Amino acid sequence: EKGAYAVNNDYEGIVTAQPFAIKAANGAGDAFMAALVNESLATPDIRKWAEAGLAAAIAAMTSGQVINRDVSMDLLEEIKKVHKVKWKSV
């Protein structure tokens, strides 16, 4: 309900999004981790990892399917905009 917490030697914060209707939670954790790992291969910035993870989890929870076959990096970027996914330092 509150977002995803992330911390390392450089950053500590939480990634949040606007509330959204959940159709199903199955697969959300797997989607989060897949996007986090994918983003970690592109950048060392954990803020970007967490944002991608939350966007992927939202994609999973709003699709109503265990596996959302429509997930793409473009979709995750759109979700970040629509649901106002953002990092907040704590």
Side-chain angles (χ1 to χ4, degrees):
E1 221 176 83
K2 297 193 181 212
Y5 174 78
V7 63
N8 70 2
N9 290 334
D10 298 319
Y11 303 104
E12 179 179 11
I14 188 165
V15 175
T16 60
Q18 289 186 328
F20 56 91
I22 297 173
K23 292 183 180 177
N26 293 338
D30 293 334
F32 183 98
M33 287 305 299
L36 184 145
V37 170
N38 184 68
E39 195 67 21
S40 76
L41 298 173
T43 179
D45 188 339
I46 67 163
R47 298 171 298 179
K48 301 296 181 193
W49 303 359
E51 289 173 352
L54 186 55
I58 292 169
M61 290 186 280
T62 57
S63 76
Q65 303 170 17
V66 174
I67 298 172
N68 182 345
R69 301 195 188 282
D70 297 325
V71 172
S72 66
M73 295 311 292
D74 288 339
L75 176 63
L76 298 186
E77 289 302 318
E78 181 66 22
I79 287 171
K80 287 179 197 177
K81 291 177 190 170
V82 170
H83 293 284
K84 297 187 178 171
V85 173
K86 60 183 175 180
W87 174 270
K88 295 179 186 177
S89 295
V90 294

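These numbers come from a predicted model, not from an experiment. Positions are given from 1 along the sequence.
- Under the 4.5 Å side-chain heavy-atom criterion for Ile, Leu, Val, Met, Phe, Trp and Tyr, M33 and L75 are members of the same hydrophobic cluster.
- Contact detail for A50 and A6: the closest heavy-atom pair is CB-CB, 4.3 Å.
- When N8, V7, N9 are each tested for a side-chain contact (heavy atoms from CB on, under 4.5 Å) with Y11, only one passes: N8.
- At least one side-chain heavy atom of M73 sits under 4.5 Å from a side-chain heavy atom of N38.
- Two different hydrophobic clusters hold I67 and I58 under the rule that ILVMFWY side chains link at heavy-atom gaps under 4.5 Å.
- From E51, atom CD reaches atom CD1 of I79 across 13.5 Å, with rounding to the nearest 0.5 Å.
- In this structure, CD on E78 lies 9.0 Å from NE2 on H83, to the nearest 0.5 angstrom.
- With N68 contributing its side chain and S63 its backbone, the two residues share no donor-acceptor pair below 3.5 Å.
- Within the 4.5 Å cutoff, the side chain of I22 has heavy atoms near those of the F20 side chain.
- Of all heavy-atom pairs spanning A57 and A31, the tightest one is N-CB, 4.3 Å.
- Of all heavy-atom pairs spanning T62 and A21, the tightest one is CG2-O, 3.6 Å.
- Residues A35 and L76 come closest through the heavy atom pair CB-CD1, 4.2 Å.
- The side-chain contact (heavy atoms from CB on, under 4.5 Å) test with W87 singles out one residue from T16, D45, V15, and that residue is V15.
- Formation of a donor-acceptor pair under 3.5 Å by the W49 side chain with backbone atoms of T43 is found in this model.
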Residues E77, K80; criterion salt bridge (Lys or Arg N to Asp or Glu O under 4.0 Å); working and verdict: CA-CA 5 Å; E77 289 302 318; K80 287 179 197 177; 3.0 Å; yes
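- The CD atom of Q18 lies 4.5 Å from the NZ atom of K84; values are rounded to the nearest 0.5 Å.
- A60 and A28 make their closest contact through CB-CA, 3.8 Å (heavy atoms, listed as atom of the first residue, atom of the second, distance).
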